Amino acid sequence: MGQEESHNEEMDLAQIQELCIIFMKECPSGALHLHELKRIFGVPSSSAEESLYVETIFRSFDTNQDNALDFLEYVAALHLIFRGNLEDRLKWSFKMYDKDGNGKLDRQEVKRIIRIIYKIKLRTSDISMTPTEICDRIFELVDQNNDGM
């Protein structure tokens, strides 16, 4: 599905060195903290939705849960997002939204991400449905056994 061969190529040493230079320029401490990631992405402190979204992404890549992304976590994140295959990116996205870790997305988990995207898109688009209506429509289309997951 649109996956080009180059997405599966391994990064070479020169690319890793270039990423290291960029990382050290942005994060001289050797670690990328949440507030720095928000600054890089231009997330205003007044936007709770965008802040929560970036925090969710950050936490998904902070594999050792030390509240900082080290260089390896940073490279792994970039590799997954920009070069990872579709299945790996979908698994990451699902895991990021499956807050209770039960392997299923319930209405609350789906509604949460819809609310975040809704708030972000509301600034640039005219949306006629509420987050609840969007969530209900999604479950109407995909919840074949009507168990809410």
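Sequential numbering from 1 along the given sequence is applied to the chain's residues. Predicted model, so just to flag it, every value in this text is computed and none were measured.
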Any salt bridge between [X] and [Y], counting N to O under 4.0 Å?
X    : Y    : value
E140 : R137 : yes
K111 : D106 : no
R59  : E55  : yes

Nearest heavy atoms of [X] and [Y], plus distance in Å:
X   : Y   : result
S60 : I57 : OG-O, 2.7 Å
E36 : C27 : OE1-SG, 4.4 Å
H33 : S29 : CE1-OG, 4.1 Å

Report yes if some heavy atom in the side chain of [X] is under 4.5 Å from a heavy atom in the side chain of [Y]; otherwise report no.
X    : Y   : result
F61  : L78 : no
F71  : L19 : yes
R112 : T56 : yes
H79  : Q15 : no
I113 : Y53 : yes
L52  : V54 : no

Quick one: pull up [atom1] in [X] and [atom2] in [Y] and give me the separation to the nearest 0.5 Å.
X    : Y    : atom1 : atom2 : result
I114 : T132 : CD1   : OG1   : 8.5 Å
D100 : D98  : CG    : CG    : 5.5 Å
I134 : R115 : CD1   : CZ    : 11.5 Å
L80  : R83  : CG    : CZ    : 12.5 Å
S93  : L105 : OG    : CG    : 10.5 Å
N67  : F58  : CG    : CZ    : 6.5 Å

Discussion item. Side chain to side chain donor-acceptor pair (under 3.5 Å) for S51 and K38? Distances and angles first, verdict last.
Written reply: CA-CA 7 Å; S51 185; K38 288 178 181 178; 2.6 Å; yes
Item to complete: Please check if atom CD in E18 has more than 12 non-hydrogen atoms from other residues, nucleotides or ligands closer than 6.0 Å.
Response: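 Result for CD/E18: open.
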I'd like to know if [Y] and [X] are part of one continuous hydrophobic network [Ile/Leu/Val/Met/Phe/Trp/Tyr, side-chain heavy atoms within less than 4.5 Å].
X    : Y   : result
I40  : I21 : no
F82  : L69 : yes
L141 : F94 : yes

Item to complete: Report yes or no: does E73 contribute a side-chain atom to a donor-acceptor pair with the main-chain N or O of L32 at less than 3.5 Å?
Response: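 No, the answer is negative, given that no donor and acceptor are paired below the 3.5 Å cut-off.
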Worksheet item: Is there a donor-acceptor pair closer than 3.5 Å between any side-chain N or O of D88 and the backbone N or O of W92?
Response: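 Checking the backbone N and O of W92 against the side chain of D88, no donor-acceptor pair under 3.5 Å is found.
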Practice prompt. Anything under 30° is parallel, anything over 60° is perpendicular, the rest tilted; go ahead and classify Y74 against F23.
Written response: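 Tilted.
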